[in-house]
Amino acid sequence: MTDFVDLPDLAVRSLGGSVVAANDEFFAERENLIKPEAPVFTPHTFGHKGQVYDGWETRRRREPGHDWAIVRLGAPGIIRGVVVDTSFFTGNFPEHCSVDAASVEGYPSVEELLDAEWVEIVPKSALRGDTRNPFPVAVDQCFTHVRLNIYPDGGVARLRVHGEVVADPRWWSGTPLDLAALENGGVVVGCSNMFYSSPNNLLLPGTARVMGEGWETARRRDDANDWVTVRLAEEGVVRQVEIDTTHFKGNAPGWFRLTGDDRELIPHTRLQPDTRHRFRVPPGPAVRRVRVDVYPDGGFARLRVYGHLSPAGRERAGLRWYNALPAGRAATILATEAGLPAEAAAHVASRRPVPDAAGLDAALAAAGVTGDAAAAVRHLILGDRDAS
């Protein structure tokens with residue numbers, strides 16, 4: 001299996017993914033594709049339509065064509081790889097698959113999605129049955145939806161869409177920001193142990209329903225302690241932290257400590273089992289990473305790191321989002337939200353990627369965009385307060 005599987009699954013239901021459409025789901029429901037847990041199978045369990053499968057399964061096709069399902073990603077991002085998991089589908093898996101992706105503004109209907117501009121990210125490829133089939137992706141654009149095509153029909157247990165979240169910073173203005181949230185671009189970059197469950201669970205939205213939806217380590221038999229490091233959405237100033245040990249009763253850590261980069265944010269502090277803890281952090285310099293040390297071991301359900309981006313962090317976040325947009329969507333956003341004429345918007349968008357604010361200014365100048373119009377674009381992308 002390739003390295004991309006270590007990245008978060010952008011399609012998983014627990015992140016907010018949804019299977020919004022499928023042309024057929026006669027034998028097994030499309031929603032099974034994005035369940036967070038691994039597929040299971042119980043032989044000789046028959047329903048009214050045949051053997052029950054934990055996956056998506058279409059009827060046997062008797063006419064030309066192929067079957068498909070469209071998934072809205074829980075968080076938009078750059079897709080680095082896809083896993084088409086055919087576990088337990090042996091005589092009824094598709095012979096081939098392909099995957100397309102689209103980047104769409106807002107909340108499109110199924111009809112609008114069918115007419116969207118789709119980009120092939122996995123060409124038509126052979127599948128093996130009862131296997132996790134990995135496919136790396138090399139398209140450096142931010143997408144909101146994927147479409148799984150299967151040829152000609154059959155069943156797929158799970159679809160995993162691994163990648164890097166590219167958050168839309170337009171939503172960050174004037175609202176409390178969880179700098180560690182996966183949907184905002186936070187990601188776990190290191191941990192001491194993940195024996196029972198993934199540390200990326202700590203950054204998922206909502207509350208954990210059971211202990212297995214958090215992060216838990218094996219029992220330590222030495223004098224060290226466990227830890228997890230999170231790269232924040234961008235550089236920011238931390239003001240509040242939440243350590244939620246809900247559902248962890250006999251296995252919560254006894255204490256924790258929080259550091260940001262090389263600075264202590266919260267000293268060695270006691271924790272209680274099955275409790276949502278909140279802590280204020282004194283004002284200080286902006287940080288890019290935080291590390292939670294737990295003593296000596298154990299697990300907790302969620303980590304929230306509330307604060308605000310530094311000006312440099314907001315600029316980098318805005319440029320990353322803007323540069324990753326497909327050209328057509330970037331031009332549309334410049335026209336509809338910054339008020340640029342269509343021709344000028346297309347000209348500015350064509351000069352991406354821009355490395356920094358100076359590069360954006362040069363692109364605007366080359367398109368003849370000045371004054372209030374240029375200030376509106378800067379505010380949209382860089383978050384310049386002076387331009388508001």
Side-chain angles (χ1 to χ4, degrees), residues 1-9 12-15 35-40 54 83 85 87 132 158 160 162 178-182 186-232 238 240-279 281 287 289-306:
M1 196 62 74
T2 48
D3 291 339
F4 68 74
V5 298
D6 295 328
L7 296 172
D9 179 3
V12 70
R13 166 68 76 178
S14 51
L15 185 57
K35 289 164 65 175
E37 60 269 17
V40 296
D54 183 13
V83 176
D85 185 350
S87 291
R132 298 177 66 206
R158 297 287 188 270
R160 304 302 189 199
H162 296 280
D178 181 358
L179 297 168
L182 184 57
V187 66
V188 171
V189 293
C191 73
S192 58
N193 185 281
M194 49 182 167
F195 184 85
Y196 287 108
S197 49
S198 169
N200 273 316
N201 289 345
L202 295 172
L203 313 183
L204 290 174
T207 56
R209 297 169 299 172
V210 295
M211 187 173 62
E213 292 184 355
W215 169 56
E216 184 182 2
T217 71
R219 300 190 186 207
R220 295 200 76 97
R221 305 304 188 192
D222 56 26
D223 295 329
N225 69 281
D226 287 318
W227 54 268
V228 60
T229 300
V230 176
R231 187 180 67 224
L232 302 176
V238 179
Q240 297 181 33
V241 170
E242 181 176 311
I243 304 288
D244 186 356
T245 61
T246 298
H247 304 302
F248 289 84
K249 299 173 182 177
N251 53 351
W255 302 266
F256 89 104
R257 177 176 180 258
L258 182 75
T259 52
D261 293 340
D262 296 324
R263 186 169 67 90
E264 183 175 80
L265 302 179
I266 298 176
H268 192 274
T269 301
R270 188 179 66 178
L271 292 173
Q272 297 292 345
D274 197 25
T275 301
R276 183 182 171 195
H277 306 76
R278 290 182 291 180
F279 304 94
V281 177
V287 298
R289 299 185 181 208
V290 296
R291 169 168 158 153
V292 180
D293 282 271
V294 295
Y295 302 92
D297 55 27
F300 60 106
R302 292 291 186 268
L303 169 67
R304 307 296 186 209
V305 181
Y306 296 106

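A quick note: this is a predicted structure, and the numbers were derived from the prediction, not measured. Because only heavy atoms are used, hydrogens play no part in the values below, and waters and symmetry mates are left out as well, while side chains stay in.
- For the pair Ala180 and Val305, the tightest heavy-atom approach, listed with the atom from each and the gap, is CB-CG2, 3.7 Å.
- Side chains of Asp293 and Asn225: a donor-acceptor N/O pair is present below 3.5 angstrom, by distance only.
- You'll find the side chain of Asp9 stays beyond 4.5 Å of the side chain of Leu15, heavy atoms only.
- Going from atom CG of Leu179 over to atom CD of Gln240 covers 11.5 Å, rounded to the nearest 0.5 Å.
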Step by step, would you call Asp226 with Arg220 a salt bridge (Lys or Arg N to Asp or Glu O under 4.0 Å)? CA-CA 8 Å; Asp226 287 318; Arg220 295 200 76 97; 2.4 Å; yes
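- The CD1 atom of Ile243 sits 9.5 Å away from atom OG1 of Thr269, with the distance rounded to the nearest 0.5 Å.
- Considering only heavy atoms from C-beta on, Val241 stays 4.5 Å or farther from Leu265 through its side chain.
- Atom CZ of Arg278 is surrounded by 12 or fewer heavy atoms from other residues, nucleotides or ligands within 6.0 Å.
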Decide yes or no on salt bridge (Lys or Arg N to Asp or Glu O under 4.0 Å) for Arg302 and Glu242, but give the supporting numbers first. CA-CA 8 Å; Arg302 292 291 186 268; Glu242 181 176 311; over 6 Å; no
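- At a threshold of 4.5 Å between non-hydrogen side-chain atoms, the residues Phe4 and Val83 count as touching.
- Taking both residues in full, the closest heavy atoms of Pro39 and Arg158 are given as CA-NH2, 3.5 Å, listed atom of the first, atom of the second, then distance.
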For Thr245 and Gln272, what are the C-alpha separation, side-chain angles and deciding distance, and is it a side-chain contact (heavy atoms from CB on, under 4.5 Å)? CA-CA 7 Å; Thr245 61; Gln272 297 292 345; 5.7 Å; no
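- The distance from the OG1 atom of Thr246 to the CD atom of Glu213 is 12.0 Å, given to the nearest 0.5 Å.
- Taken to the nearest 0.5 Å, the CG atom of Asp262 stands 11.0 Å off from the CZ atom of Arg291.
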Check against side-chain contact (heavy atoms from CB on, under 4.5 Å), Thr259 and Arg289: CA-CA 8 Å; Thr259 52; Arg289 299 185 181 208; over 6 Å; no
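- Between Phe248 and Met211 the shortest side-chain heavy-atom distance falls below 4.5 Å.
- A donor-acceptor contact shorter than 3.5 Å is absent between the side chain of Ser197 and the backbone of Gly212.
- Between Trp215 and Phe300, the ring-plane angle classifies as perpendicular under the 30° and 60° cut-offs.
- Contact detail for Leu202 and Arg304: the closest heavy-atom pair is O-NH1, 4.0 Å.
- Looking only at side-chain heavy atoms (C-beta outward), Leu203 and Val230 come within less than 4.5 Å of each other.
- Taking the side chain as every heavy atom from C-beta outward, Asp54 and Glu37 never approach each other to under 4.5 Å.
- Nearest heavy-atom pair across Asn201 and Gly214 is ND2-O, 3.0 Å.
- Judged by distance alone, with hydrogens and angles left aside, the side-chain atoms of His162 form no donor-acceptor pair with the main-chain N or O of Asp6 at under 3.5 Å.
- In this structure, Phe256 CZ and His268 NE2 are separated by 10.0 Å, a value rounded to the nearest 0.5 Å.
- For the pair Thr217 (side chain) and Met194 (backbone), a donor-acceptor distance under 3.5 Å is absent.
- When all heavy atoms of Pro253 and Leu271 are compared, the pair lying nearest together is O-CB, 3.7 Å.
- Taking CG of Leu258 as the start and CZ of Arg263 as the end, the distance is 9.5 Å to the nearest 0.5 Å.
- Nearest heavy-atom pair, Glu216 versus Asn251, reported as atom, atom and distance to 0.1 Å: OE2-ND2, 2.9 Å.
- Counting only distance, with no hydrogens or angles, the side chain of His247 and the backbone of Arg209 share a donor-acceptor pair below 3.5 Å.
- The closest donor-acceptor contact from the side chain of Ser192 to the backbone of Trp227 lies under 3.5 Å.
- When atom types are taken as modelled, the side chain of Ser198 and the backbone of Asn200 share a donor-acceptor pair closer than 3.5 angstrom.
- Remark: Arg219 does not engage Asp297 in a salt bridge, criterion side-chain N to carboxylate O under 4.0 Å.
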